[in-house]
Chemist: 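I have a structure I would like to understand better, so I am pasting it below and will then ask my questions one at a time.
Owing to the predicted nature of the structure, the values given are computational and were not obtained by experimental measurement.
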Amino acid sequence: MHLTASPFSARSQAVAQELDKVRASGPLKTIQIPPCPVLLTELRMALSQAEPDLQAVSRIASSDVAMAAVLLKAANSPAFSTGQPVNTVGQALYRLGLDQSAAQMTAFLIRSALPVKAPQLQRFWERSGKRASAMAFIARQLPGMSEDLAQTYGLFCHVGLPVMLQSLRGYASTMTEAAARIDRSCIATENANHRTDHAVVGALVARIWRLAPEVMVALRRHHDLDMLGDRETDPEVHTLVAAGLVAEHLMRRHEALPPDADWQDHRGRAMNWLQIDEGDVEHWEDLLTGELETA
């Protein structure tokens, strides 16, 4: 996965400065954000080289029994099984391939660093994994879109939620209130109650963990959908946010849920930016079904 920070543009630097300011003296001063896991930092280093260090990836994969079990389970799942079971981490890495192995390892390490036990966030990491798979699928359909960036954004999209739940008193009640209200958005309810929101907190996680600037800015603005197409935001950010809106819609369709307000209000703008139409979305829904079932 594309977790290595790339150079900041002037636009992304402005978001970084905003986050640093609110972290230093604003409502985020008391937010507890765990450090990036050591194994994830090592994985990023191994993957960032011109020729990925496969021996290092194998060593990292084998260093945690639970993570190794996740890789073996994925390699023996219907999506990857060839009929002959794999029994070692090395065999699992070979069957899954580098990209899928890195995605599985990254997801495991993030889940371990940010455990979610609250009933308000049931299936949080399961849905995050499905969103990452949907984003990767969409990236493969759109020439020029980075699959690594897409997958990373999908996995981290709502990471601010568990961080706020662990750090802010009363946030569980805020989540319940936000889900019940129809007069304002969840972001508005969060800000009313806590003077910040999960988009800001998620971007701060990306900032502290040194994720790619495009991911950081997309997390910060993923509910600011009126910005799609404006000239004040880097094109890669527009693409991540627009594709994220489509991915969320496809997930909700797969789960037999009604369209959410963001899709109803902004789907035209998102599809225009991605240069797709309703027919493309319906076709993707058919193609993506199998991947979501095994994610």
Side-chain angles (χ1 to χ4, degrees), residues 1-4 36-48 52-117 121-141 146-159 162 209 211 215 244 247-248 250-251 254-255 284-285 287-295:
M1 298 188 74
H2 190 104
L3 296 173
T4 303
C36 184
V38 172
L39 289 179
L40 184 55
T41 299
E42 293 179 3
L43 179 62
R44 289 165 58 180
M45 292 179 62
L47 296 174
S48 65
D53 188 340
L54 301 182
Q55 288 187 339
V57 173
S58 180
R59 175 185 58 78
I60 295 165
S62 302
S63 64
D64 187 290
V65 174
M67 182 162 58
V70 167
L71 291 169
L72 287 167
K73 180 179 178 181
N76 287 312
S77 69
F80 296 97
S81 177
T82 60
Q84 185 70 26
V86 299
N87 302 300
T88 68
V89 171
Q91 292 172 343
L93 293 173
Y94 180 79
R95 178 171 291 181
L96 292 171
L98 182 60
D99 289 344
Q100 184 59 226
S101 296
Q104 293 282 344
M105 293 164 69
T106 298
F108 172 85
L109 291 168
I110 296 170
R111 288 196 303 269
S112 299
L114 294 167
V116 177
K117 300 179 181 179
L121 290 177
Q122 287 183 357
R123 299 178 59 235
F124 178 82
W125 285 120
E126 177 188 342
R127 294 196 88 251
S128 296
K130 289 182 181 296
R131 186 181 300 104
S133 295
M135 285 292 294
F137 169 84
I138 292 172
R140 293 194 294 270
Q141 316 308 310
S146 166
E147 184 173 342
D148 291 339
L149 282 178
Q151 201 164 34
T152 302
Y153 172 78
L155 192 60
F156 279 87
C157 186
H158 295 303
V159 73
W209 285 24
L211 304 187
V215 172
E248 188 69 30
L250 292 174
M251 288 172 59
H254 180 72
E255 296 170 347
W284 292 355
E285 181 184 347
L287 296 177
L288 189 57
T289 297
E291 293 194 32
L292 290 180
E293 289 177 350
T294 58

Chemist: List the atom of R131, the atom of C157, and the distance in Å for their closest heavy-atom pair.
Modeler: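 Looks like CD-CB, 3.8 Å.
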Chemist: If you take all heavy atoms of W209 and C36, which pair is closest and at what distance?
Modeler: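 Distance-wise, the nearest heavy atoms are NE1-N, 3.3 Å.
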Chemist: Ignoring hydrogens and angles, tell me if any N or O in the side chain of T152 forms a donor-acceptor pair with the backbone of D148 under 3.5 Å.
Modeler: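 Pair found, side chain donor or acceptor close to backbone of D148.
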Chemist: Just wondering, more than 12 heavy atoms not from F80 lying within 6.0 Å of its CZ?
Modeler: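 Counting neighbours around CZ of F80, more than 12 heavy atoms of other residues, nucleotides or ligands fall under 6.0 Å, so yes.
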Chemist: Would E255 and K130 pass as an ion pair if we require N to O under 4.0 Å?
Modeler: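 Result for this pair is no, no salt bridge flagged.
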Chemist: Between the side chain of S81 and the main-chain N/O of P78, is any donor-acceptor distance below 3.5 Å?
Modeler: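 The answer is no, because no donor-acceptor pair under 3.5 Å joins these two groups.
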Chemist: Ignoring hydrogens and geometry, is there a side-chain-to-backbone donor-acceptor pair from S63 to I60 under 3.5 Å?
Modeler: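 Pair found, side chain donor or acceptor close to backbone of I60.
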Chemist: Tell me the closest heavy-atom pair linking G154 and M135, and the distance in Å.
Modeler: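 Scanning both residues, the minimum pair turns out to be CA-CG, 3.9 Å.
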Chemist: Is any NZ, NE, NH1 or NH2 atom of the basic residue among E248 and R127 found under 4.0 Å from an Asp or Glu carboxylate oxygen of the other?
Modeler: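 Between R127 and E248 there is a salt bridge, with a charged N closer than 4.0 Å to a carboxylate O.
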Chemist: In Å and rounded to the nearest 0.5 Å, what is the CD1 to OG distance from I110 to S128?
Modeler: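 Here the rounded value is 9.0 Å.
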Chemist: Hey, does the side chain of S77 reach the backbone of A74 with a donor-acceptor pair shorter than 3.5 angstrom?
Modeler: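 Between the backbone of A74 and the side chain of S77 there is a qualifying donor-acceptor contact (under 3.5 Å).
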Chemist: Contact between N76 and R95 at the side-chain level, heavy atoms closer than 4.5 Å - yes or no?
Modeler: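 Sidechains of R95 and N76: in contact.
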Chemist: Measure from the side-chain N and O atoms of W125 to the backbone N and O of L114, and report whether any donor-acceptor pair falls under 3.5 Å.
Modeler: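 At least one qualifying donor-acceptor pair exists.
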Chemist: Minimum heavy-atom separation for A150 and A136, please, with both atom names.
Modeler: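 The pair with the smallest heavy-atom distance is CB-N, 4.4 Å.
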Chemist: I need the L155 CG to R111 CZ distance, nearest 0.5 Å.
Modeler: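 Those atoms lie 8.5 Å apart.
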Chemist: For side-chain contact (heavy atoms from CB on, under 4.5 Å), just list the numbers for L288 and H254, CA-CA rounded to whole Å, side-chain angles, deciding distance to a tenth of an Å, and then say yes or no.
Modeler: CA-CA 9 Å; L288 189 57; H254 180 72; over 6 Å; no
Chemist: To the nearest 0.5 Å, what is the distance between CD (E147) and CG (D99)?
Modeler: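 With rounding to 0.5 Å, CD (E147) is 6.5 Å from CG (D99).
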Chemist: Quick one: closest heavy-atom pair of G244 and Y153, and the distance?
Modeler: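 Heavy-atom minimum between the residues: CA-CE2, 3.9 Å.
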Chemist: Hey, could you give me the CD/CG distance between E285 and L287, rounded to the nearest 0.5 Å?
Modeler: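 Answer rounded to 0.5 Å: 10.0 Å.
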Chemist: Any luck finding a side-chain donor-acceptor pair between Q104 and Q100 under 3.5 Å?
Modeler: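 Their side chains do contain a donor-acceptor pair, which is all the 3.5 Å distance test asks for.
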Chemist: Using 0.5 Å steps for rounding, measure from the CG atom of L93 to the CG atom of L98.
Modeler: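 L93 atom CG to L98 atom CG measures 8.5 Å (nearest 0.5 Å).
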Chemist: I need the minimum non-hydrogen distance between L96 and S101, along with the two atoms involved.
Modeler: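 That closest heavy-atom pairing would be CB-OG, 3.4 Å.
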Chemist: Evaluate the side-chain proximity of Q151 to T106: yes if any heavy-atom separation is below 4.5 Å, no if none is.
Modeler: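 No. Closest side-chain heavy atoms not under 4.5 Å.
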Chemist: One pair to check against side-chain contact (heavy atoms from CB on, under 4.5 Å): M105 and V57. What are the steps and the verdict?
Modeler: CA-CA 9 Å; M105 293 164 69; V57 173; 4.2 Å; yes
Chemist: Between V86 and L71, does the side-chain contact (heavy atoms from CB on, under 4.5 Å) criterion hold? Intermediate values first, please.
Modeler: CA-CA 10 Å; V86 299; L71 291 169; over 6 Å; no
